[in-house]
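A short worksheet on the structure shown next.
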Protein chains: 4
Amino acid sequence: MAVDRERVLKEAAALLTRRATTSMDEIARAAGISRATLHRHFAGRDALIRAVEDLGIEQFTQAMDTARLDDGDAADALRRLIAEAEPVAGVLAFLFTENQLFEGGEVNAGWARLDDRLAALFRRGQEQGDFRIDLSASWLTEAFYGLLGAGAWAVHEGRVARNDLNHSIAELLLGGIRRSMEK
Amino acid sequence: MAVDRERVLKEAAALLTRRATTSMDEIARAAGISRATLHRHFAGRDALIRAVEDLGIEQFTQAMDTARLDDGDAADALRRLIAEAEPVAGVLAFLFTENQLFEGGEVNAGWARLDDRLAALFRRGQEQGDFRIDLSASWLTEAFYGLLGAGAWAVHEGRVARNDLNHSIAELLLGGIRRSMEK
Amino acid sequence: MAVDRERVLKEAAALLTRRATTSMDEIARAAGISRATLHRHFAGRDALIRAVEDLGIEQFTQAMDTARLDDGDAADALRRLIAEAEPVAGVLAFLFTENQLFEGGEVNAGWARLDDRLAALFRRGQEQGDFRIDLSASWLTEAFYGLLGAGAWAVHEGRVARNDLNHSIAELLLGGIRRSMEK
Amino acid sequence: MAVDRERVLKEAAALLTRRATTSMDEIARAAGISRATLHRHFAGRDALIRAVEDLGIEQFTQAMDTARLDDGDAADALRRLIAEAEPVAGVLAFLFTENQLFEGGEVNAGWARLDDRLAALFRRGQEQGDFRIDLSASWLTEAFYGLLGAGAWAVHEGRVARNDLNHSIAELLLGGIRRSMEK
DNA sequence: TATGAATGAGTCTTCATTCAT
DNA sequence: AATGAATGAAGACTCATTCAT
């Protein structure tokens, strides 16, 4: 039976997310294949990690597509994005934490496009008067990733219920900590 | 010339934050000493990491002390904490990711104590009616670290000016993205 | 389409002569078949090498037969042998280096028989007063292979024209470098 | 005690000459050091083999220097060269046999210089009327290597006495097999 | 019959750590 | 105290070989 490439990648992502030093052997075993087979499908450790990166980018891209970032209220779009991105949060956190994986420093171009789309959403919100303008779109983009990662981790550690995650991230990001009159 | 222990720890924190698999050799070189010397000062890789942790915990403890978390308005206390913690954001980010990436290692006790103090601040704000109560103190604690780490990285990457960092983090955390009447 | 066994063996000989560590994969690709097919036709690497040996032995045996080593002048017989062996020089070169590089493996019996026939020719020349006797038949045998191999390589590298090969080898072997009165 | 680089290289050359597939481990053990140390001195297997190649080139260059190729009778110069090169014959044979070691095909430039000097010697002999001109200097160069290799092997196999080697090669190369009036 | 896919075994390579100066 | 050198242990990688289609 042919190896399910995507399944292997998902296992790899899951393991690497938990421990960045997970060995090829462990990944292979988790995926139910031999080390040699793992090497046949991914030219080496780097190639595997790059593939995980590509998968993460692809999944996050899909989340953005599904969330229809350009439709309606920017705040609602952001809420939809968080809901869609939640399953990918773990991988994204890994990829962001391990962002100097490759000496060459050539960052996967896919990230830039994602960053752009995200920043565009924040900018739209600002232009439409929904979002404050004293926080740059660029910073909000980074903050989004930071909160997503923290959320994934909090769930993993049992500090936040999975069902609360969407709400926790979205509300914090949109409304902050302070109790306000509105809402 | 005597080895500057703290400098070594800071280099280590910086490198390990970006790549958890950074080798002893890379750390030694970044610190300007030989591998052997690095080993003379820290009994091993684990000991080095523990030392970085300890440094972070110590510095963050000091930041908390200086910020007088229990005094006055909770929001103001949080602002003070962010201001004090900002210079150590790098090491803190390491602590945060570190505890994420290496599972199995019992969490450093000192770290847990810091978590508690931070959570207590959020709880105080909630009890005093300043902070919303639909976001758990536990989650806010995680979010705090996440945003601090994201901020440190954003500055490092040149996406946020160092001078804006305090404001960026504090405002986002306290008020969220949404433009509001107050403030 | 049926696999051309001899073509495979010739490719294998050519590659193995130049690099004893040539992999099964490279040989298979050079022969235009898959690794698995190569294995179906030859029970394993050793079997393949043995088959190449056998091919070389068979072809060289035939060359010897055709050259009628026992007939007439020994020098003429040697010339005929060189002419007959030239097309198989590549495989022969392999046989020669092969027996050099892998020690421990008992020498193929067929090969020893060829050595004997060749040595017998040289001995005959010496007994008949045509060949000098200060160079042992055993050494001349080795030298014969060495020159044949060098010749095959020189042609391959474009340093000697294929049409000159016979003459180059035969003249050097028979008459040496020095300009002489006779001839 | 510091590792004797040259000694390691000589061990490596000796082992690789006998079996091209000798492992790094075997070489390390033969040199009395650990595999890791071997790797510290030679970046990898390829690097080690290249170093062996360099050593071979250097030794053969030295042999040429010592033999004073440009002095006196060309035939005598050739005799001197054979005598000087004899100890290196084994390594040279290995390097010639394994001449496709590196995929890139970038041949060590040192060879070309050696080839040139050797060819120059043959050409000088031809111009001075000592060597026949119907055998190209280029071919004689190849033949020289072929005979040297064959000789090294013949000694190794016990078919030629080490003390006879010089004579065997020189006489065959200079005078050929045929009994002649002169000499 | 031919082959893409899978794998066990073995080699190469790196890293944290120790040693001798 | 500092370091170049050496190494055991562990992981990455490759190859010949087998399997299932």
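Per chain, numbering begins at 1; letters A, B, ... match sequence-line order. Since the structure is predicted, the reported quantities are computational estimates derived from the model, not experimental observations.
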Check: With a non-hydrogen cut-off below 4.0 angstrom, is C:Ser23 in contact with a base, only sugar-phosphate, or nothing?
Finding: sugar-phosphate
Notebook entry, point to check: Atom CG of B:Leu48 and atom P of E:dC15: how far apart are they, to the nearest Å?
Noted result: 16 Å
Checklist line | Partners meeting salt bridge (Lys or Arg N to Asp or Glu O under 4.0 Å) with B:Glu58 (sequence neighbours left out) | finding: none
Margin query: Please tell me if D:His39 has a side-chain N or O lying less than 4.0 Å from either OP1 or OP2 of F:dT7.
Written below: no
Next item on the list: Measure the distance from CZ on A:Phe42 to P on F:dG11 and round it to the nearest whole Å.
Entry: 21 Å
Next item on the list: By nearest nucleotide on DNA chain F, pick out whichever of C:Gly44 and A:Asp25 is the more 5' one.
Entry: A:Asp25
Margin query: I want to verify a distance call: between E:dT3, F:dT7, E:dT7, whose nearest atom is closest to the D:Ala36 side chain?
Written below: F:dT7
Check: Just wondering, more than 12 heavy atoms not from B:Glu157 lying within 6.0 Å of its CD?
Finding: yes
Next item on the list: Could you tell me which nucleotide pairs with E:dT21 by Watson-Crick or G-U wobble geometry, both distances under 3.5 Å, or answer none if nothing does?
Entry: F:dA2
Next item on the list: Just name whichever nucleotide pairs with F:dC15, Watson-Crick or G-U, keeping both distances under 3.5 Å, else none.
Entry: E:dG8
Check: Can you tell me how far C1' of E:dC12 sits from CD1 of D:Ile27, to the nearest Å?
Finding: 12 Å
Check: Would you say A:His41 reaches E:dA5's phosphate, i.e. side-chain N/O to OP1/OP2 under 4.0 Å?
Finding: no
Item checked: Rounded interatomic separation in angstrom, taking CE from D:Met24 and P from F:dG11 -> 21 Å
Margin query: What I want to find out is whether D:Arg29 reaches D:Asp25 closely enough, with some N-O distance under 4.0 Å, to be called a salt bridge.
Written below: yes
Next item on the list: Give a yes/no answer on whether the side chain of C:Arg45 brings an N or O atom under 4.0 Å of OP1 or OP2 in F:dC15.
Entry: no
Notebook entry, point to check: Are C:Tyr145 and D:Trp153 close enough that their ring centers fall under 6.0 Å?
Noted result: no
Next item on the list: Could you pick out which residue, A:Arg40 or D:Arg35, lies toward the 5' side of DNA chain E when each is mapped onto its nearest nucleotide?
Entry: A:Arg40
Note to self: Test of understanding: with side-chain hydrogen bond (donor to acceptor under 3.5 Å, both in side chains), list the residues that count as partners of C:Ser23, not counting sequence neighbours.
What the structure shows: C:Glu26
Check: Is the distance from OP1 or OP2 of E:dA2 to the nearest side-chain N or O of C:Ser34 less than 4.0 Å?
Finding: no
Next item on the list: Provide, to the nearest angstrom, the distance between the CG atom belonging to D:Leu38 and the C1' atom belonging to F:dT7.
Entry: 12 Å
Check: Rounded to the Å, how far apart are D:Glu26 CD and E:dG10 P?
Finding: 13 Å
